[in-house]
Every structure is written in C-alpha cells, then in structure tokens.
Amino acid sequence: MSQHALLSLGAKAWRCLYCPKSELRLDLTLGCGQTFRWRETGEGHWTGVMAGRVWTLTQIDDTLWYHVYRRQEDPDHVNRQKRKKAGDSQELRKKFKEMAEVKVEEDDKSLCVSTSEQDTKDEEVLRDYFQLSVKLEDLYKEWGDADPHFRDTGIIFSGLRMLRQDPVECLFSFICSSNNHIARIQGMVERLCGMFGTPLCELDGTHYHDFPSIEALAERGVQAQLRALGFGYRARFLQESAHQILSSHNPKWLHTLRNDPYLEARAALLKLPGVGPKVADCVCLMSLDKSEAVPVDTHVRRIAKHDYSCAAESKQKTLTNKVYQEIGDFFRQLWGPYAGWAHSILFCADLKKFQKLKEIPTIKEENNQAKSE
DNA sequence: ACGATACCTTA
DNA sequence: AAGGTATCG
C-alpha cells in the first residue's frame, strides 16, 4: 500500500524552493481555518489536495519541500479516460510522457535534482496557491508600524499568509461553516469530498478525493444525501447554491469574479442561498483576490471591541449589517488594502489550538530546561 | 433598516 | 455555544 511521503526517507521524489519562515509557516497557514482539507500526516509534514492532485509539504530552515503523488491506479477510470479521449492522440502522448517522467523519478536512486517541464509547472502551482509573489514580511512591517497591537501578535504569528484557493472549494466549504465549529466543518468537508469528489489516491489507508464539481453538487438527490451525512440545514444551501450557479450563470462563473471589483463580487455572492456577509467575505478574501475583504465573525467582533474599542455600541446579540460594515471599514482604514490578510493573523492568534504559541519564551525555555534536566 | 428567533448537529 | 443565514415583526 502507498504511504505518505517523508522527507527523511530520501529526497529523491521531492522538489524544493527557497522560502523563509518569515514568508510562510505551514502550521499557521494550513491550520488557521482558511482551508479545511490539509492534515499533518507526519512531523511537520502537511498533506492535502491542491489543483486536483495530492501533495505533501514540509519546511526545513529556509527551504520548502514538496512531493506530488501520482494518480491512483484505477483500471476502470483509466479505461474510461482512454475511451473518452480515444481520438485525441495528442492527449494520449502527453499522458504517456507524464507517466514516463514519473517512472524516471521513481527509478532514480540518486539525489541529483532533475528538472522537467512538469517540475516547472508544479512549482508554479505551488507559488500561485501560496501567493509567494506577495512579500509577507514587508506587509507585517507595515501593519506593525500602523498598529502596535498587531506588532505584538505579528512577532509570534509570523509567516501566516492567505492562500489563493479554488473558488468552488472555498465557497462550498464556507457555506458549511455557518453557526458551526472548525472540527465539525473539517469532517463535513471531508465527507463532501468522499461522497461527491473524484478519487485521487490512497495513502496509509486514507482515501484522497478532489473537491466535488458544481455539477455534482447540483444534482437532485444531493440534498437528501447531505442530510444523511449530518450537514443539517446546510444541505439545502449547498445543493441550491450549486443549482443556482448553473442555472443563472455557468460552471466557470465563480472564477470570473476574480476580475470584478470587491464589492461587485461580494454582491454577486450574496445572492446565493446560505451566503451572507461573512461567508461572502471569506470567499472574496481567500479565493477571489480581494485582499481588502474582512470577514467579521464572533471572534473578529470581539477582537474589534475588546482590543480596539471599535463598534462600542454593539451590546446587541445580533451583528447588524451596519456594525459589520463599521468593523470592516475600521480595519481597512487601520491596515490598508491587505486588511483581510492582517485580520486573519489576529483571528488565528485567537484560536484555542494556537494559544500555546503565546507562552512567554523565557517560561518555555525554563520548562524545556526543567524537562531535560 | 433594525432586532430577535429558528435552524441541523455535536462538543 | 459553535467562525451565520434566512425570515419575520
């Protein structure tokens, strides 16, 4: 059976690129709740699905290592693909070329780094997904200069950046997030992919699937199946949103929102069932290139009030549209055009799972010393 | 436009 | 209550 790749077992099937921790920290970036599908499958090794393939990533010093798995050996699936593309010899040649390259990699026992067209493409996928062209360290400096409170948190929570996720995955994942907690959302998204997504490969008994297509989610019976899978009232939102996108627009429509201004994209998303201001802003920020979008949830609302004395008149139970707007505008004015990125860092620092990072370093060292003695 | 409440589950 | 949204006074 195939296993998750481990860098320590040999770098022959791994590639790497230069990327300091100040620009990217996998634990924060993949674990802060902007995506729900990455898991730590080994010490410092993160496995997940990106651009339709399964990847394992890990960081050593200033190097980001990545391994891409080949597709699952599924005779039925392969035959289906062959029949489908029987007339397309160009496609088949390309496919065989890719397979040959994989074979070469597998057979290559040496540590020498060979580059190929595929490697170049893989690196480009990775750079795009992590938006590595955005210089994060410079942004932290700017946010810190403008906001002393941010500076304190930013020192500990460095290297947290927004992903450029697939809009389909982002939208349907965050429709699941309403009135819900992260652990349950992760389970729901996993079941969603397992039930409606194309299988990719199996590693250590874990089956990896691509995220479902909008077409798959728009099918008639989907709502009932999702109910049975414990999605609750969100089952209807998922199916109806998928249906509405196909009936009012087309499968590529979500991607086209990347070319629209923030407020237009946001307004378009708000028309979908199960999508309110918070979910719309999550999709804008995390998949549609709207770095100024600030999703205001209960955490952010509390941070705004408690740490910034913003929206003081928010004694009410419910978050009104007006207060939502006020809080977003406040942070945009404070942090600038990448306010959404900055917001996610304070949000992350507020999560229970990351509280241990806030322990005072001296105390931590004392503890370590006490342990080693 | 504002403010409250129900909504599926699970921790 | 949990990283909300739709609906109704």
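Everything numeric here is computed off the predicted structure, so don't read it as measured data. The sequence lines fix the lettering, A, B, ..., with proteins before strands; numbering per chain opens at 1.
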Starting at the 5' end of DNA chain C and moving along, which residue's nearest nucleotide shows up first, A/Phe36 or A/Pro273? A/Phe36

Between P of C/dT5 and CZ of A/Phe231, the distance in whole Å: 17 Å

Using the P atom as the point on both nucleotides, what is the distance between B/dA4 and C/dG3, in whole Å? 22 Å

Taking every non-hydrogen atom, the tightest pair across A/Phe354 and A/Asp27: CZ-O, 3.7 Å

Filter on ring-ring contact (aromatic ring centres under 6.0 Å, His included), then keep only pairs touching residues 158-190 of chain A, sequence neighbours left out; what's left? A/Phe36-A/Phe174

If you compare every side-chain N and O of A/Arg227 against the phosphate oxygens of B/dC8 (OP1, OP2), does one of them come in below 4.0 Å? yes

Where the side chain of A/Met286 is defined as all heavy atoms beyond and including C-beta, which of B/dT9, C/dG3, C/dG4 is the nearest nucleotide? C/dG3

Out of B/dC2, C/dT5, B/dT10, which nucleotide sits closest to the side chain of A/Lys322? B/dC2

Measure the distance from CD on A/Glu240 to P on C/dT7 and round it to the nearest whole Å. 10 Å

Testing B/dC7, B/dC2, C/dT5 for proximity to the side chain of A/Val279, the answer is C/dT5

A/Arg301 CZ to C/dA2 P, in whole Å, measures 12 Å

For DNA chain C, the dot-bracket pattern of Watson-Crick and G-U pairs whose distances stay under 3.5 Å, | for other-strand partners: ||.||||||

Provide, to the nearest angstrom, the distance between the CZ atom belonging to A/Arg191 and the P atom belonging to B/dC8. 16 Å

Starting at the 5' end of DNA chain C, which residue's closest nucleotide do you reach first, A/Gln34 or A/Leu270? A/Gln34

Would you kindly say whether A/Gln325 and A/Asp329 are connected by a side-chain donor-acceptor distance under 3.5 Å? yes

Is A/Arg266 salt-bridged to A/Asp281, cutoff N-O under 4.0 Å? yes

Please give the remaining members of the hydrophobic cluster of A/Tyr262, linking ILVMFWY side chains under 4.5 Å, ordered by chain and number. A/Leu263

Given B/dA4, B/dC2, C/dG3, the nucleotide with the shortest approach to the side chain of A/Thr318: B/dA4

Is it the case that A/Tyr208 and A/Thr47 place a side-chain donor and acceptor less than 3.5 Å from each other? no

How many Å lie between CD1 on A/Ile185 and P on B/dA11, as a whole number? 14 Å

Of C/dG4, C/dA6, B/dT10, the nucleotide closest to the side chain of A/Phe237 is C/dA6

Check this one for me: any side-chain N or O of A/His299 less than 4.0 Å away from OP1 or OP2 of C/dG3? yes

